[in-house]
Amino acid sequence: MGITFTNELPNGIKRGYDYDTGEKMISIPDNGEFLITSRKKVNAYKDLIKNSREQPSYTCSNMDSIKEVIRTLEEKHCGYLLYLQCFMDFGGLLIKGSKYKDPMNKNDIQKVLGLGRTTFSYFFNTMIKNDIIHLEGEHFRVNAKYHWKGDSNVTNLIRSYTTTLKELYKSVNAKDLGFIYKLLPYVHKETNFLCENPIEKNPLLIRPLNKKNIARIVGVDEKTVYRKLLKLKLSDMYVFGEVSKGGVNNAYMINPFIFYRKGGKPDKTLKTIFLFNPQK
DNA sequence: ACGAGGGCACATGGTGATAC
DNA sequence: GTATCACCATGTGCCCTCGT
């Protein structure tokens with residue numbers, strides 16, 4: 001049985017049906033080859049990006065200097081910060097949204113984070129005290145040493161895709177986002193692998209992080225890492241992908257639709273890993 | 001012997017109330 | 001505005017069994 005494609009649209013996209021799983025499938029031309037996935041997944045992704053304009057917008061984080069932030073802040077505060085930096089404009093000012101460019105005041109920020117008075121003031125005072133967010137009159141600017149939006153000559157940076165990241169905040173808690181934040185300095189540029197030496201160019205020399213290493217870096221129990229790897233999902237996509245060789249899980253990758261180091265769109269292999277449908 | 005995953009007691013986060 | 005508290009829901013660490 002397998003997948004049968006019926007009609008081809010003028011743009012080269014083919015629609016089809018998977019007789020094994022009963023799912024509607026789609027074949028998308030991609031640099032001379034075809035990426036086959038389910039329409040459900042494609043639609044879920046389209047829904048996520050439909051509110052953003054032409055290009056999915058992103059912010060950048062400095063992989064070296066955010067290690068200071070990680071050392072200083074509690075995990076939950078790293079999570080709130082990761083979400084909040086999605087609201088920067090090109091000057092780092094926290095604004096209400098891409099459509100409404102008014103700067104946010106303290107109340108707006110509290111509302112956006114969805115926190116009560118006690119929790120918010122604890123978080124926000126910590127940001128100001130550690131110079132991660134500056135006060136400018138009634139408005140606030142994120143310290144460009146750590147996070148910014150737009151061009152930069154920093155080499156070790158990682159892009160966070162605003163729309164997907166905002167969506168992620170809805171489905172996980174602040175500690176989960178903090179967990180992800182702590183792993184951002186370990187994302188490899190070419191492959192999105194989590195590794196000890198993310199600037200290594202030779203693939204043979206990459207030292208991928210296993211569950212034990214991740215637990216040590218983040219400072220949690222191995223079981224907690226395991227649970228988060230299973231749990232963290234965005235719509236139909238997982239945040240982390242697992243690579244196993246010989247039945248042993250020895251490496252992890254982060255979802256390139258949320259975090260990606262290179263410019264442009266994720267390459268074909270990465271797309272396939274995070275979009276393909278496991279056989280039932 | 002080992003890793004995946006279950007169970008459970010304890011820890012932690014977020015909240016509103018209260019006092020200052 | 002901040003500090004502290006008790007409360008509840010959820011998360012976490014640790015120990016366990018199970019299957020290989």
Side-chain angles (χ1 to χ4, degrees), chain A residues 66 69-87 94 103-141 165-184 186 193-196 207-235 237-255 258 273-274 276 278-280:
Chain A
I66 64 168
V69 177
I70 293 165
R71 273 197 299 273
T72 313
L73 296 187
E74 293 176 37
E75 195 170 47
K76 57 188 171 183
H77 286 172
C78 291
Y80 292 136
L81 175 63
L82 184 56
Y83 177 62
L84 196 56
Q85 57 90 39
C86 289
F87 292 85
L94 291 170
M104 289 199 272
N105 61 28
K106 231 174 169 180
N107 270 334
D108 297 325
I109 296 171
Q110 182 182 342
K111 210 179 287 172
V112 153
L113 288 169
L115 296 175
R117 211 162 59 103
T118 318
T119 312
F120 176 72
S121 56
Y122 176 39
F123 161 69
F124 209 67
N125 291 342
T126 310
M127 292 303 114
I128 303 285
K129 197 172 74 193
N130 292 295
D131 203 29
I132 295 165
I133 294 174
H134 320 291
L135 174 66
E136 281 185 17
E138 286 206 351
H139 305 129
F140 301 92
R141 199 180 292 278
L165 187 49
K166 280 182 183 172
E167 196 62 27
L168 187 61
Y169 186 73
K170 290 180 193 164
S171 50
V172 305
N173 65 38
K175 268 198 117 178
D176 293 333
L177 268 191
F179 172 83
I180 296 170
Y181 190 99
K182 285 181 172 177
L183 290 171
L184 293 184
Y186 302 93
F193 264 95
L194 294 176
C195 61
E196 278 180 47
R207 294 191 301 277
L209 297 173
N210 61 22
K211 218 176 283 175
K212 200 171 279 175
N213 304 141
I214 294 174
R216 180 176 42 80
I217 285 170
V218 181
V220 295
D221 192 82
E222 257 184 83
K223 177 74 193 248
T224 303
V225 175
Y226 166 74
R227 273 192 283 232
K228 285 193 197 288
L229 294 173
L230 284 184
K231 185 184 80 172
L232 296 179
K233 266 183 102 169
L234 169 62
S235 179
M237 287 192 294
Y238 285 95
V239 175
F240 295 100
E242 198 172 58
V243 178
S244 59
K245 285 198 286 189
V248 181
N249 298 325
N250 33 30
Y252 297 89
M253 307 164 91
I254 198 156
N255 190 319
I258 315 174
I273 288 169
F274 284 89
F276 88 101
Q279 298 284 327
K280 301 253 160 62

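From a predicted model like this one, the values you see are computed outputs, not experimental measurements. Note that these values count all heavy atoms, side chains included, but never hydrogens, waters or copies made by symmetry. So that the names make sense, note that chain A is the first sequence line, chain B the second, and so on, each numbered from 1.
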Next on the checklist: Show every side chain to side chain donor-acceptor pair (under 3.5 Å) that has at least one partner inside residues 105-117 of chain A, sequence neighbours left out.
Outcome noted: none
Detail all sub-3.5 Å separations between protein N/O atoms and N/O atoms belonging to nucleotides 14-20 of chain C.
{"residue": "dC14(C)", "atom": "OP2", "partner": "Asp221(A)", "partner atom": "OD1", "Å": "3.4"}

Next on the checklist: Going by salt bridge (Lys or Arg N to Asp or Glu O under 4.0 Å), name the residues that satisfy it together with Lys166(A), two or more places apart in sequence or in a different chain.
Outcome noted: none
Checklist entry - Of all residues at least two apart in sequence or in a different chain, which pass the salt bridge (Lys or Arg N to Asp or Glu O under 4.0 Å) check with Arg216(A)? => result none
[X]: side-chain contact (heavy atoms from CB on, under 4.5 Å) partners, not counting sequence neighbours:
{"X": "Lys212(A)", "value": "Asn210(A), Glu222(A)"}
{"X": "Leu183(A)", "value": "Phe179(A), Leu194(A), Ile214(A), Ile217(A), Val218(A), Phe240(A)"}
{"X": "Asn130(A)", "value": "Thr72(A), Leu73(A), Thr126(A), Ile132(A)"}

In whole Å, what is the span from the [atom1] atom of [X] to the [atom2] atom of [N]?
{"X": "Glu242(A)", "N": "dG5(B)", "atom1": "CD", "atom2": "P", "answer": "8 Å"}
{"X": "Asn105(A)", "N": "dG1(C)", "atom1": "CG", "atom2": "P", "answer": "11 Å"}
{"X": "Lys106(A)", "N": "dG1(C)", "atom1": "NZ", "atom2": "C1'", "answer": "8 Å"}
{"X": "Asn107(A)", "N": "dG1(C)", "atom1": "CG", "atom2": "C1'", "answer": "13 Å"}
{"X": "Phe124(A)", "N": "dA3(C)", "atom1": "CZ", "atom2": "C1'", "answer": "20 Å"}
{"X": "Glu222(A)", "N": "dG6(B)", "atom1": "CD", "atom2": "C1'", "answer": "17 Å"}

Checklist entry - Along nucleotides 11-20 of chain B, 5' to 3', which nucleotides get a B, which get an S, and which get a -, given that the test is a protein heavy-atom distance under 4.0 Å? => result --SSBB-B--
Checklist outcome for this item: In terms of heavy-atom contacts, Leu168(A) and Leu234(A) come closest through N-CD1, 3.7 Å
Checklist outcome for this item: Applying side chain to side chain donor-acceptor pair (under 3.5 Å) to Tyr122(A) and not counting sequence neighbours gives Glu74(A)
Next on the checklist: Does Lys228(A) reach a base, just sugar-phosphate, or nothing at all? Heavy atoms under 4.0 Å.
Outcome noted: sugar-phosphate
Checklist entry - Does a side-chain N or O from Tyr226(A) land closer than 4.0 Å to OP1 or OP2 of dA4(B), or not? => result no
Checklist entry - What orientation do Tyr83(A) and Phe87(A) show, parallel under 30°, tilted 30 to 60°, or perpendicular over 60°? => result perpendicular
Checklist outcome for this item: By nearest-heavy-atom nucleotide on DNA chain C, the more 5' of Asn125(A) and Glu75(A) is Asn125(A)
